[in-house]
Colleague: 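Structure incoming, see below.
Quantities reported herein were computed from a predicted structural model and do not represent experimental measurements.
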Amino acid sequence: MSGRGGRGGSRGGGPNNSNTQSGERKKRESILNLAQYVDQSVRIKFMGGREVTGTLKGFDQLMNLVMDDVVEEYENNSMPPRNLGLVVLRGPNIVLISPTDGSAGK
């Protein structure tokens with residue numbers, strides 16, 4: 001049976017699979033702590049090229065954002081900015097979150 005092809009490797013529970021077999025899952029930690037930007041002005045870029053600027057009011061684990069005083073700005077100033085007010089932004093469509101003051105954090 002040693003003549004069988006394959007990629008090798010083990011399918012059993014070796015030392016690398018100890019967490020998955022015991023039922024414990026490592027909690028994923030967020031790369032970005034959005035709590036430090038609540039009530040501050042941030043710029044958001046979306047898939048498709050849209051950009052908005054406003055005050056971050058809240059967020060959830062899916063990175064859905066609640067923002068107030070939101071203004072949508074267009075590339076190359078092709079159209080005047082559009083005031084949107086209070087909005088909910090869907091996390092899966094967000095590409096970039098940046099503070100408007102340019103600082104990296106507190």
Colleague: Can you tell me which residue pairs pass the side-chain hydrogen bond (donor to acceptor under 3.5 Å, both in side chains) test with a partner in residues 59-69, sequence neighbours excluded?
Modeller: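 Applying side-chain hydrogen bond (donor to acceptor under 3.5 Å, both in side chains) to every pair that reaches into residues 59-69, excluding sequence neighbours, yields D60-N64.
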Colleague: Could you name each residue pair satisfying side-chain hydrogen bond (donor to acceptor under 3.5 Å, both in side chains) that touches residues 46-57, not counting sequence neighbours?
Modeller: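 Every side-chain hydrogen bond (donor to acceptor under 3.5 Å, both in side chains) pair that includes a residue of residues 46-57, provided the two are not neighbours, is D39-K57, R43-E51, R50-E72.
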Colleague: Is the backbone of S41 close enough, under 3.5 Å, to the side chain of T100 for a donor and an acceptor to pair up by distance?
Modeller: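 Yes, because the side chain of T100 sits within donor-acceptor range (under 3.5 Å) of the backbone of S41.
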Colleague: Would you be so kind as to tabulate the donor-acceptor pairs closer than 3.5 Å made by side chains of residues 83-99, with sequence neighbours excluded?
Modeller:
none

Colleague: Side chains of L34 and L65: does their closest heavy-atom pair fall under 4.5 Å?
Modeller: yes
Colleague: According to a hydrophobic-cluster definition based on side-chain heavy atoms being under 4.5 Å apart (Ile, Leu, Val, Met, Phe, Trp, Tyr only), do V66 and V52 belong together?
Modeller: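 Per the 4.5 Å side-chain linkage, V66 and V52 are not co-clustered.
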